[in-house]
Amino acid sequence: MYVEQIISRLKELYPEGYLQVNRDPFYLLISTVLSQRTRDEVTIPTSQRLFSVLDTPEKMATADVDEIQELIRDVGFYKVKSQRLIDISRMLLDEYEGIVPDDINELVKLPGVGRKTANCVLSYAFDKDVIAVDTHVHRISNRMGLVETDTPEETEIELEKVVPKDMWKEINGLMVLFGKSICKPVSPKCDKCIMNDICPKLI
DNA sequence: AAAACGGGGGC
DNA sequence: GCCCCAGTTTT
């Protein structure tokens, strides 16, 4: 069907999937927070720099805010995020024995962690069947007629009805790659798009 | 529902 | 120089 066709083409286009992310839950949690409203060209080296110095909740919880600010100064909202990394680490140690929880309701209690970040951790680090809806997934799903929604929360609910469950965890990475290169927010490259023949925007 | 946070990269 | 970006929290 239509959804399977879209995902199948995306997998063909991006056979290696979305980068080779470090699947360690703590690394994934922290780097995903850093990635909020920030391009991954900036996020990836910044995360690696941070973890070369502070690679555990214990170290991050006791670090100086100034030291973290210096390490992550390239990402957006870096001052707010620096304090949040400390607060997240402290809460992990205080309430979760230093272990990143694999439950959406617990993850969103962490400061600076919303539904999108939590679902990224669940799908990438814990291999859970969830759909992480960011602006790319939201935009492309609507543009291609998979859903008709106004908010990412709505999109998550509607996509779950339309997409086979075994595809949930892969659509985020695939649509992010697609959204950055082809199906862009403004001036999408429809003339070079592999969805040319099935995209409702062009029919 | 809207504002605020914010440096980096593309054009 | 201007606009946008793997969102979340606060007002």
Side-chain angles (χ1 to χ4, degrees), chain A residues 10 13-14 16-51 65-92 100-101 104-126 128 130-143 149-157 159 168-189 192:
Chain A
L10 287 175
L13 189 58
Y14 307 109
E16 70 285 358
Y18 183 69
L19 302 178
Q20 290 78 12
V21 292
N22 184 337
R23 305 272 175 146
D24 173 69
F26 185 62
Y27 180 91
L28 209 30
L29 171 62
I30 298 301
S31 63
T32 305
V33 169
L34 293 184
S35 80
Q36 291 162 4
R37 304 299 291 170
T38 303
R39 298 164 196 278
D40 54 5
E41 292 82 358
V42 175
T43 304
I44 292 171
T46 300
S47 301
Q48 291 173 339
R49 184 165 64 238
L50 173 67
F51 268 72
V65 189
D66 294 342
E67 181 185 10
I68 298 185
Q69 282 192 18
E70 188 65 27
L71 287 164
I72 69 169
R73 84 156 76 237
D74 291 343
V75 304
F77 310 115
Y78 74 101
K79 289 181 180 172
V80 177
K81 285 175 182 173
S82 295
Q83 186 58 53
R84 283 190 183 148
L85 297 193
I86 293 176
D87 294 341
I88 287 173
S89 298
R90 287 182 179 160
M91 193 178 293
L92 285 177
V100 178
I104 181 79
N105 296 311
E106 302 302 322
L107 283 168
V108 295
K109 291 178 185 170
L110 298 167
V113 177
R115 209 171 169 84
K116 183 267 172 185
T117 300
N119 276 333
C120 274
V121 171
L122 290 174
S123 69
Y124 286 108
F126 294 113
K128 300 269 190 185
V130 297
I131 303 176
V133 178
D134 55 37
T135 53
H136 290 299
V137 175
H138 181 60
R139 177 185 68 259
I140 294 170
S141 298
N142 276 280
R143 208 178 251 174
T149 55
D150 295 321
T151 67
E153 292 76 15
E154 232 182 311
T155 300
E156 185 183 338
I157 295 170
L159 275 181
W168 288 6
K169 69 176 75 118
E170 56 192 352
I171 69 180
N172 172 271
L174 292 172
M175 285 194 182
V176 168
L177 291 170
F178 185 51
K180 285 172 47 152
S181 55
I182 311 282
C183 199
K184 301 194 287 188
V186 293
S187 44
K189 300 180 177 175
K192 295 176 182 167

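Scope of the values below: all heavy atoms of this structure, side chains included, with no hydrogens, waters or symmetry mates.
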How close or far is atom [atom2] of [N] from atom [atom1] of [X], stated in whole angstroms?
{"X": "A:Gln83", "N": "B:dC5", "atom1": "CD", "atom2": "C1'", "value": "15 Å"}
{"X": "A:Ile72", "N": "B:dG7", "atom1": "CD1", "atom2": "C1'", "value": "11 Å"}
{"X": "A:Arg84", "N": "B:dA4", "atom1": "CZ", "atom2": "C1'", "value": "11 Å"}
{"X": "A:Lys81", "N": "C:dC5", "atom1": "NZ", "atom2": "P", "value": "15 Å"}
{"X": "A:Asn119", "N": "C:dG7", "atom1": "CG", "atom2": "P", "value": "14 Å"}
{"X": "A:Asp134", "N": "C:dC5", "atom1": "CG", "atom2": "C1'", "value": "11 Å"}
{"X": "A:Arg139", "N": "C:dC5", "atom1": "CZ", "atom2": "C1'", "value": "11 Å"}
{"X": "A:Ile140", "N": "C:dC5", "atom1": "CD1", "atom2": "P", "value": "12 Å"}

Criterion side chain to side chain contact (heavy atoms under 4.5 Å, CB included) on A:Val113 and A:Met91, from CA distance to verdict: CA-CA 12 Å; A:Val113 177; A:Met91 193 178 293; over 6 Å; no

Any side-chain donor-acceptor pair under 3.5 Å between [X] and [Y]?
{"X": "A:Thr38", "Y": "A:Thr43", "value": "no"}
{"X": "A:Thr149", "Y": "A:Asn142", "value": "yes"}
{"X": "A:Tyr14", "Y": "A:Ser181", "value": "yes"}

Pick base, sugar-phosphate or nothing for [X], based on heavy-atom distances below 4.0 Å to the nucleic acid.
{"X": "A:Tyr78", "value": "sugar-phosphate"}
{"X": "A:Thr43", "value": "nothing"}
{"X": "A:Pro185", "value": "sugar-phosphate"}
{"X": "A:Val80", "value": "sugar-phosphate"}
{"X": "A:Thr117", "value": "sugar-phosphate"}

If we take the P atom in both B:dA3 and C:dC4, what is their distance in whole Å? 15 Å

When the P atoms of B:dG8 and C:dT9 are compared, how many Å lie between them, rounded to an integer? 24 Å

Quick one, which residues of residues 105-114 of chain A touch DNA chain C with a heavy atom under 4.0 Å? A:Leu110, A:Pro111, A:Gly112, A:Val113, A:Gly114

Within the pair A:Thr135 and C:dG7, is there a side-chain N or O less than 4.0 Å away from OP1 or OP2? yes

Side-chain donor/acceptor of [X] to backbone N/O of [Y], under 3.5 Å:
{"X": "A:Lys169", "Y": "A:Ser123", "answer": "no"}
{"X": "A:Asn172", "Y": "A:Ala132", "answer": "yes"}
{"X": "A:Lys192", "Y": "A:Ile182", "answer": "no"}
{"X": "A:Tyr124", "Y": "A:Gly173", "answer": "yes"}

Choosing from B:dG6, C:dT8, C:dC5, which nucleotide comes nearest the side chain of A:Arg39? C:dC5

5'-most contact on DNA chain B: A:Phe77 or A:Asp74, nearest heavy atom basis? A:Phe77

Please figure out whether A:Lys79 or A:Glu41 has its closest DNA chain B nucleotide nearer the 5' end. A:Lys79

Ignoring hydrogens and angles, answer whether the base of B:dC5 and the side-chain atoms of A:Arg37 contain a donor-acceptor pair closer than 3.5 Å. no

